[in-house]
Amino acid sequence: MSASVWTVERIRRLIALWGEGRTAAAIADRLGPEISRCAVLGKVHRLGLVRAAPARPPSRPRGASAFPKRRFQQVAPSRPASQVSSPAAPERPEATVLSVRRGQCRWPYGTPGSVDFGLCGHAVARGAFCAAHAAIGYQTRPMSAEGLMRLAGFGHDPS
DNA sequence: CCCTGATTCGC
DNA sequence: GCGAATCAGG
């Protein structure tokens, strides 16, 4: 017979002790060696006994193996379909941070700080980028109706 | 580094 | 349902 470790008696004591404001570790101690602090926390949570939440803004997705190793996401300029039909972008950087001059595309290549880091260097078409990279970097996303109204000077002001 | 409670997920 | 793992904050 596999009686749950959480007997009625233990649950009763848990509720009482939790109500007294004891800490999970202290409760785990009193409930016996079978009950760990985590077990207490888990049970408390499961019972919905969560002590008055101090309005803690849920900062992030958390929990066991939420993101075990994928914690760092590669953040690199993504290359959507726009690049396919755009004028050629160089395979390798043709300028460096030090060498790049006015009129040269400043699209980054490689990892900043590493020796191979460089800049596109092609002739600027728009802003700081050549045509190919401007197509990627200056994508204008469709603006919401609210955004358009705000931009037009019609703030949504009910009063 | 110790502690706290909170949260998630594999079992 | 259970609780270890892992989080943020003190």
Side-chain angles (χ1 to χ4, degrees), chain A residues 1-84 86 89 91-93 96-98 100 105-120 127-129 132-159:
Chain A
M1 308 204 314
S2 59
S4 168
V5 288
W6 286 110
T7 62
V8 188
E9 177 57 22
R10 275 214 257 246
I11 294 175
R12 226 180 53 76
R13 293 225 278 155
L14 166 66
I15 294 173
L17 292 167
W18 186 259
E20 291 174 19
R22 321 304 288 253
T23 67
I27 295 172
D29 261 346
R30 302 191 91 216
L31 290 186
E34 315 288 314
I35 309 296
S36 69
R37 188 186 77 98
C38 279
V40 170
L41 267 316
K43 189 60 177 173
V44 162
H45 198 253
R46 241 169 281 126
L47 289 172
L49 260 47
V50 174
R51 214 131 36 175
R56 184 151 156 271
S59 35
R60 272 193 195 205
R62 270 184 280 123
S65 62
F67 303 101
K69 287 301 170 194
R70 229 166 272 112
R71 204 164 298 146
F72 301 99
Q73 226 169 345
Q74 179 71 16
V75 177
S78 59
R79 267 146 265 229
S82 43
Q83 189 184 10
V84 176
S86 295
E91 201 66 28
R92 313 180 178 292
T96 70
V97 177
L98 294 180
V100 71
C105 178
R106 290 175 142 80
W107 191 264
Y109 279 65
T111 308
S114 89
V115 288
D116 63 302
F117 184 68
L119 303 175
C120 170
F129 303 125
H133 287 137
I136 303 171
Y138 294 142
Q139 288 180 53
T140 55
R141 96 182 85 174
M143 196 177 292
S144 67
E146 270 185 83
L148 284 168
M149 291 299 278
R150 212 176 306 116
L151 194 64
F154 296 100
H156 50 81
D157 189 0
S159 56

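- Here the P atom of nucleotide C/dG3 and the CG atom of A/Leu14 are 11 Å apart, to the nearest Å.
- Taking CG from A/Leu17 and CG from A/Asp29, the interatomic distance works out to 11.0 Å, rounded to the nearest 0.5 Å.
- In this structure, the separation between CD1 on A/Ile15 and CZ on A/Arg10 is 14.0 Å, given to the nearest 0.5 Å.
- Rounded to a whole Å, the CZ atom of A/Arg46 is 12 Å from the C1' atom of B/dC9.
- Partners of A/Arg30 under the salt bridge (charged side-chain N to carboxylate O under 4.0 Å, His left out) rule, at least two apart in sequence or in another chain, do not exist in this structure.
- Atom-to-atom, CD1 of A/Ile27 to P of B/dT4 comes out at 11 Å; the value is rounded to the nearest Å.
- Taking a 6.0 Å sphere around CD of A/Glu20, one finds it holds more than 12 heavy atoms contributed by other residues, nucleotides or ligands.
- To the nearest 0.5 Å, atoms CH2 (A/Trp6) and CG (A/Leu14) are separated by 4.5 Å.
- A heavy-atom distance below 4.0 Å to DNA chain B is reached by these residues of residues 28-44 of chain A, ordered by number: A/Arg37, A/Leu41.
- Note on A/His45: a side-chain N or O is less than 4.0 Å away from OP1 or OP2 of B/dT7.
- Straight-line distance from the CG atom of A/Leu47 to the P atom of B/dT7: 15 Å, rounded to whole Å.
- Here the CD1 atom belonging to A/Ile27 is positioned 13.5 Å from the NZ atom belonging to A/Lys43, to the nearest 0.5 angstrom.
- Rounded to whole Å, atom C1' of B/dG5 lies 6 Å from atom CH2 of A/Trp18.
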